[in-house]
Amino acid sequence: MATKLPKKDVVIIGLGWTGAILGNELTDHGLDVVAIERGPWRDTATSFNIGYAPDELRYAVRLDLFQRPAQSTVTFRNNDSQTALPIRQFGSFIPGNGVGGAGIHWNGVTWRFLPTDFVVRSHLTERYGADFIPADLSIQDWGITYDDLEPYYDRFEYLAGISGKAGNLNGVIQDGGNPFEGPRKRDYPTPPMRMTYGPTLFAETSRSLGYHPFPQPSANLSQAYTNPLGVTMGQCTYCGFCERFGCANYSKASAQTSVLPVLMRKSNFEARTECEVLKINLDASGKRATGVSYVDSSGNEWEQPGEIVLVCAFAFNNVQMLLHSGIGQPYDPSTRQGTIGRNYAYQTTSGLELFFDDKIFNPFISSGALAQVIDDFNGDSFDHSKLGFVGGAGINTGPTNGRPIQTRPTPTGTPRWGAKWKQATKQSYLRSFSLGSQGSSYASYANHLDLDPTYKDRFGRPLLRMTFDFPDNDIRMSNYVTDRIEDIAKALKPREYIVSRRTKPYSTVPYQSTHNTGGAIMGADPKTSVVNRYLQSWDVPNVFVIGASAFPQNAGYNPTGTVGALAFVAADAIITQYLKAPGPLVPS
Amino acid sequence: MSSLGARAVSIAALVAALLVPCVVRAVDLQSYDLVERGHYLATAADCAACHTKPGGKPFAGGVALETPFGTLVGPNITPDPDAGIGAWTDDEFVSALQDGRGRGGIRLYPAMPYPAYTKMTREDALAIRAYLRTIEPAPDKINANQLPFPFNIRSDMAVWNALNFKPGRLEPDPSQSAEWNRGRYLVDALGHCGTCHTPKTAMGADRDSAYLQGTTLQGWFAPNITAEERKGIGRWSMDELVNYLKTGANRDAIASGGMGEEVVHSSSHMTDDDLKAIATYLLSLKPASQDNSQPLAASDARMVAGQAIYKDNCAGCHTDAGTGIPHLFPRLAGSHSVQSDDPTTLIRTVLLGSQGAATAAAPTGPTMPSFAWRLNDAQVASVLTYIRNTWGNAASAVSANQVVTVKGHGKRAMMIDLATAPYAAFFLRLCLGIMFIAHALLNGVSTLRETTAFFRSIGLPGWFVHVIIAIELVGGACLILGIVPRYVALLLIPEILGTIVMVHGKNGWLFSNKGGGWEFPAFWAAALFALFLLGDGVLTLVPSPSLSAF
């Protein structure tokens, strides 16, 4: 029997980037806020201190900081002709765990989407005609524009101290930045990272081919920085233990480095860790949330009433929460009715590994977001009319690390083990270098999230079922961009190179990306979206759902910059509009 | 004067005498001005440090203070009439602060820093009283005196006070500015900085000759806060010092430990003017003599080792150049904490880690993790020696012994070098074992007939010589091979003493006497006893069971 607790103004489900940002903004406004986090408390010095943080076996291979499938997993199938099975070992995507969420273990790549990304359907229709968009794609406009979002991107970038070079300042293209990006009001808060040899070589070569290389915007700070909250962050030391690891010297932006020192000191904020929210409780009308029910680590059930509920968990966990709470109508791909679970998307990646005899790359000097990128083939920044697909990808340099267990580059024909394998990796380790593409993942009517009919979690709730395969469009896009990478690779004149193209069917086994998006998408029309432009639920106005779950489709960029911006959008809307007049902020 | 006139004068005097207390009582004890002033003074005097438990009710007491003489617990000073000081008169309250005497004349221990508070004016003391009167009464009864006998006898303090304490207000120095005097008042009377920062005599009183030059307490070294350049705060500008007190951090340093608490509860709430006054005063305390410290050579083995350890463990945050990052990782180059004579804080920080103070102005609260699990005592000593003597720093080397002392909470001075002691025991075992075997062979085996005859001549049976030879051979072998050596050593003592009783005792003391005096076997027995006390040493075949097993 659940024990009912005293009411709070705001209940936040999940204390990662978005939970921390919203918690801080709303407590600043005087609200009484509790954040309920499923995972453990994490803090730099106690959880990933410099003495043992760079432990590849523990963190990169055994995934010490990540979610345990036994606690929560999803079932997966490529399409509805298959039966979904539970993922018992995360591979293709690895969800985070604990306070700080994925923001602890991320690489730190922080982008803004292109202006055209936010109005993708209307833009593509205008440019190429409605028939140009493949019929199986359910891509749609976001309901907000890049210009709406610009000030919020700025807030997130200055909160995190992002290191980069502006490419477009108030409409004026800047040398050394991304000429394709949307206009920004001011430059990044810290300058770009110092480039190592590989990215420098790539930049020179791609420039000679007529492309426009620029340093990747990075949350691994190029210099010490004190953000607007007064919190100081350190300077990245290029240690090469970024993704999958916590940063030991306060130089990779996260909730811990950027927000929590201020938030945790507030008397009107409380964090409860190792407490799993089971569902959002609704009143009899089903149109108002009364709070949440959760279970602590001893199995005790609690009811936490709240005036406002913010769903701030990882993208697909947000969707699962809505489904378990009976909020909104689940999406049915056969009828295309319903909205919860609709437009689930991912990231379409490919890679190319180059082997040299005459160049030393020192891959161990690196950082998660240290790269040069060309955006010439991203979004709709290039003419697609004769190409037969929509979408695009950023072409970037890797690798992000030279860690000894997993960095074992081998040229074609190398045996998979044994003396010759050792010899090859020894020879290639310093002399190999890779390129990659981070491509758009355009939503399709078939790809969706719903509740599994068979498998349940330890509370008896159905697991989330993921139905996904790459649309043919995205494969065509990826192949095209990969051809362009090959052009650059040839110009770099390696001894040889190996291309890894993206193929169907999508497999959950080899790691690709943890950029799962959609399922609780934002939009202008409640019939085709779950939340409005303020991330407010169309169905239950005192519930806001913030995260990459709001993306109607994924663009050719890492999602965190946009997720952070959306958190500020929601905070702003709650403070300046909702609190004054609780109710739907956009007429439905 | 006429008797009427005299009468008039006495009546006037009487009326005046009555009026004066009436005028004092006419002050509104709940006046906002008075209470606010008392609040500020109580903050400056940091009463909460000892009287408010973290997370506990304000001023309800309960904070344990570890003194060199034992534990004292800060009492309840809320206005509760039973558990707190509600029943005290104003005079009793002032007397507590200025004379170290509480209600009923009870003698306070100087853990309540009355030797400092005595310098406070009566007005300030009464203002603090007025503020404390507004605190919610708490019924918590605190057992303040937890000192062991004989220190728990409060009247002991009569002697201590007679020797060490002179009550009296602080007189302003007319040759100095008002700001300087205010600073001195804040430092000496209210902030009682000397209570932590001035070295103490054996009796626990301030050693005035080393005023504010730093001392060790509760496992930390509170550093020199005079204007000495290397070991004090002389390198800091006024602004840097004010920032440190106000926010807990400046460009170079971040407050932690006891000072972190001080900043959070006390100085971060003080006015800029007062902080500037403190800075003016402290920075005026120039050292008497020139500092001529020279750094250790970089080629010194400890420095070489220390540099490698620093690169692996420390440079990631504190940087190769020792500059750190302002407000995040303290600067080591030029740091007075690093160059303090006493390395207790440094050792403690490396072993246990440390969290910087967090204030609203500097909220980061960065934390250094513990390195005890991956650095042994010699490595901690080397890396600290390195940072104390690099980048222009110059200070004494740190030894592994000092690290061990801090690990043992400094409770006992380290009287033995644990690094070399096991080898000492082994060496002693070898020497003694070889001597036994040599004596058994030379004095027994090779001269068996003569020795047997000698034994008979002193009244021992002839076969006994074989017993002695066996004892010495087996005993010696056990010592050399390390077969329960410390107990074998103990058991061999009677045999040696036997030689004194039976033979050498009557030859006089000197070993060079005819027949050999008892000096030598006595020393041999002493060496065996010392070996027993010392322990097994390294390289044992059969280690001895622990002494505590008996």
Side-chain angles (χ1 to χ4, degrees), chain A residues 20 24 27-28 41-55 159 161 190 220-241 245-267 269 365 367, chain B residues 54-55 243 246-254 256 260 264-265 268 309-321 323-331 349-376 379-380 383:
Chain A
N24 198 45
T27 47
D28 266 353
W41 173 257
R42 294 209 198 276
D43 202 2
T44 305
T46 50
S47 308
F48 19 94
N49 82 59
I50 204 156
Y52 56 80
D55 183 336
L159 179 75
T190 55
N220 320 121
L221 303 195
S222 61
Q223 62 191 37
Y225 172 74
T226 301
N227 73 10
L229 301 180
V231 186
T232 303
M233 289 177 253
Q235 179 182 38
C236 176
T237 53
Y238 299 75
C239 74
F241 286 83
F245 298 82
C247 177
N249 75 341
Y250 299 82
S251 58
K252 177 168 76 174
S254 64
Q256 274 82 358
T257 61
S258 310
V259 185
L260 293 181
V262 168
L263 181 57
M264 295 309 298
R265 299 180 70 237
K266 291 177 171 170
S267 56
F269 179 77
I365 307 173
S367 180
Chain B
N243 276 338
K246 193 181 166 72
T247 70
N250 61 21
R251 197 196 46 216
D252 294 348
I254 303 177
S256 62
V264 169
H265 296 127
S268 62
I309 297 166
Y310 182 83
K311 186 100 186 163
D312 273 348
N313 295 277
C314 321
C317 293
H318 290 282
T319 76
D320 282 332
T323 53
I325 291 181
H327 295 94
L328 195 59
F329 310 128
R331 183 187 174 90
T349 303
V350 172
L351 291 177
L352 296 176
S354 182
Q355 177 154 38
T359 56
T364 311
T367 308
M368 167 159 159
S370 151
F371 285 88
W373 62 280
R374 74 185 260 168
L375 298 178
N376 64 31
Q379 289 167 330
V380 173
V383 74

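Values below: all heavy atoms of this structure, side chains included; hydrogens, waters and symmetry mates excluded.
Taking each heavy atom of B:Asn313 and A:Ile50 in turn, the nearest pair found is O-CG2, 3.8 Å. The two residues B:Ile325 and A:Ala224 have their closest heavy-atom pair at CG2-CB, 3.3 Å. Across all non-hydrogen atoms, the minimal contact from A:Pro261 to B:Pro363 is CB-O, 3.4 Å.
Of the residues considered (A:Thr226, A:Thr232, A:Val231, A:Leu229), A:Thr232 shows the highest number of contacts with chain B, using heavy-atom pairs under 4.5 Å. Top candidate by heavy-atom pairs under 4.5 Å with chain A, chosen from B:Ser370, B:Gly353, B:Pro366, is B:Pro366. In terms of heavy-atom pairs under 4.5 Å with chain A, the best-connected choice from B:Asp312, B:Thr359, B:Thr319 is B:Thr359.
More than 12 non-hydrogen atoms from other residues, nucleotides or ligands lie less than 6.0 angstrom from NZ of A:Lys266.
In this structure, A:Asn249 contributes its side chain and B:Cys317 its backbone to no donor-acceptor pair below 3.5 Å. With hydrogens and angles disregarded, no donor-acceptor distance shorter than 3.5 Å links the side chain of B:Thr367 to the backbone of A:Ala45. No donor-acceptor pair under 3.5 Å is formed between the side chain of B:Arg374 and the backbone N or O of A:Tyr52.
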(request) Determine, step by step, whether B:Leu328 and A:Tyr225 satisfy the side-chain contact (heavy atoms from CB on, under 4.5 Å) criterion, reporting the C-alpha distance in whole Å, the side-chain angles of both residues, the deciding distance to 0.1 Å, and the verdict. (result) CA-CA 10 Å; B:Leu328 195 59; A:Tyr225 172 74; over 6 Å; no
(message) Pair B:Phe371, A:Asn49 - check side-chain contact (heavy atoms from CB on, under 4.5 Å), show working.
(response) CA-CA 10 Å; B:Phe371 285 88; A:Asn49 82 59; 5.5 Å; no
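Of the atoms belonging to B:Ala249, not a single heavy atom falls under 4.5 Å from chain A. Neither the backbone nor the side chain of A:Met264 comes within contact range of chain B; no heavy atoms are under 4.5 Å apart.
To the nearest 0.5 Å, atoms OG1 (A:Thr44) and CE (B:Met368) are separated by 15.0 Å.
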